[in-house]
2 protein chains.
Amino acid sequence: MPSSTVENYLKRIYLEEQADPGAAVVSMKNLAGAMGVTPGTATSMAKSLADSRFVAYEPYGGVKLTARGRTLALRILRRHRLIECFLVEALGLDWSEVHDEAESLEHAISDKLLDRIDEFLGFPSVDPHGDPIPTAAGEVRQTLLTALTDVEEGADVRIARILDQDEKFLRFVDRHRLRPGTRGRVLAHDHAAEAVTIQSGKLPAVTMGRTAAAKIMVEIVKG
Amino acid sequence: MPSSTVENYLKRIYLEEQADPGAAVVSMKNLAGAMGVTPGTATSMAKSLADSRFVAYEPYGGVKLTARGRTLALRILRRHRLIECFLVEALGLDWSEVHDEAESLEHAISDKLLDRIDEFLGFPSVDPHGDPIPTAAGEVRQTLLTALTDVEEGADVRIARILDQDEKFLRFVDRHRLRPGTRGRVLAHDHAAEAVTIQSGKLPAVTMGRTAAAKIMVEIVKG
DNA sequence: ATCCTTTTTTTGACTAATCAAAATCGCGTC
DNA sequence: GACGCGATTTTGATTAGTCAAAAAAAGGAT
């Protein structure tokens, strides 16, 4: 069995690949940054992941998950996201605080218990942040979403996914009723000022900067 | 924070001390046996636990928990037992299979989540095996129980606690309706043959040997 | 083509946890 | 009091994961 360190690296590599689908590989710099280790550590781990055939590693190039590595990464992600759902559903934790908890539980839970949880939850397809839950077979259903930065003024949208697990950011999202599933309208989109103004429910509209808006994925609602 | 290895050693030392309250200390042989490591490993861990002031270690003697060590051991035990309750209550797992799962989750769960679980369960005082759940303050309410081996023929008893987490044994107990909380009657106690016959509900009576009976703790019901 | 900066790799060291096997200790028996 | 056996400790080695700092490579700018 791979250690939880290995599991974390693979998960992280997967997420980095997703975050920048353009890049063919994940650099040691990015990997080290994402894992909070020094570059030398990332290099030596990359080699050992390659030895286990979880990644393809090209010296001075970077790493890229193999099919085997991706399968494992998705298994961890599945665990992580099902646990997040469970903590919210069964115990009423707030969606802004479940990420860190899931981060450690994902390595400790058995497959059997995970199946129970999946069943308990009614086989959900997304977690509380709107992130898709990979199937047990290792497939992810990708939905086509638009970043809030790419939405034109006046559009009606349904918030679908928040691409940031940071508790502070999630609480900001929550305060303005922008959590996945809610509807909203883009009141203004000032490209020069790099600011988007959105309004949800009866709450006052909120204006946010480009980087914040880029982390909010929506579906555009035809009206 | 102590590693989960350290947590496991402390928990194990606590349980060994409980299992043989007569002995002043836990020997390296017993500790190594209980932890499934070689004696040399137990010795070196004993030293390092002593350095952290979790145990008092006497070379060629043994180890004994300090107050500090006991507090931590009880914290782990509390986690373990609350998790067992939770898995049975919330997810309907069988009490015979929750022990191993709790064994790994106990090191991964946060205090905050544990408190939620405790609340969810209504602050239980015993787990599904009848083992007492230490309080958050680190106290254990010890109840006075009698081993089935010490019960006279004809006595009515209430099963209170099973001193063995082994799945096979627990399923045996279950099959004969002897789980904690149920009532039964000791039909025969043959001291020479070291066998006890007990009957519960409408089921046929079952006869078990001394070592099995010693693991079943009961309260004697006055009639 | 050379230099400079950034990235990557290498090297050497450290900690935690473990084992195997050799050395040593403690203690009951004769 | 010496012997011997079982328990304990020591020693030397291994693996996983990490860091700091030195060395090397890549690649763009001049």
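Below, chains carry the letters A, B, ... as their sequence lines are ordered, and counting in each starts from 1. If you're wondering where the values come from, they're calculated on a predicted model, not measured in any experiment.
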How would you list all residue pairs meeting side chain to side chain donor-acceptor pair (under 3.5 Å) that involve residues 36-64 of chain A, not counting sequence neighbours? A:Thr38-A:Thr41
Pair B:Arg171, B:Glu167 - check salt bridge (charged side-chain N to carboxylate O under 4.0 Å, His left out), show working. CA-CA 6 Å; B:Arg171 278 206 296 262; B:Glu167 202 165 328; 3.1 Å; yes
Check the orientation of B:Phe86 and A:Phe86. Use parallel for under 30°, tilted for 30 to 60°, and perpendicular for over 60°. perpendicular
Any side-chain heavy atom of B:Arg81 within less than 4.5 Å of one from B:Pro132? yes
Is the shortest side-chain N/O distance from A:Thr41 to OP1 or OP2 of D:dC19 below 4.0 Å? yes
State, with a plain yes or no, whether a side-chain heavy atom of B:Phe169 is found less than 4.5 Å away from one of B:Ile216. yes
Spacing of A:Met45 atom CE relative to D:dT15 atom P, expressed in whole Å: 15 Å
Expected list for residues 46-59 of chain A near DNA chain D, using heavy atoms below 4.0 Å, is none
Using 30° and 60° as the class boundaries, would you call the ring planes of A:His129 and A:His99 parallel, tilted or perpendicular? perpendicular
For DNA chain C, find the residues of residues 4-34 of chain B with a heavy-atom distance under 4.0 Å and give them by number; none if there aren't any. B:Thr5, B:Tyr9
Chain A contact limits on DNA chain C, taken 5' to 3' with a cut-off of 4.0 angstrom to heavy atoms: C:dT7 to C:dT10
Protein-nucleic acid N or O pairs under 3.5 Å, nucleotides 11-13 of chain D:
none

Is any side-chain heavy atom of A:Met1 less than 4.5 Å from a side-chain heavy atom of A:Val6? no
Less than 4.5 Å apart, any side-chain heavy atom of B:Glu219 and any of B:Leu145? yes
Short question: side chain of A:Arg210, backbone of A:Thr149 - any donor-acceptor pair under 3.5 Å? no
Do you see a donor-acceptor pair shorter than 3.5 Å between the side chains of A:His80 and A:Asp127? no
Pairs where residues 108-121 of chain A contributes a residue and the test side chain to side chain donor-acceptor pair (under 3.5 Å) is met, not counting sequence neighbours: A:Arg78-A:Asp118, A:Arg79-A:Asp111, A:Ser110-B:Glu101, A:Lys112-B:Glu97
Under the 3.5 angstrom rule, does the side chain of A:Thr66 hit a backbone N or O of A:Gly69 as a donor-acceptor pair? yes
Test item: B:Glu17 side-chain N/O and B:Leu65 main-chain N/O as donor-acceptor pair under 3.5 Å: yes
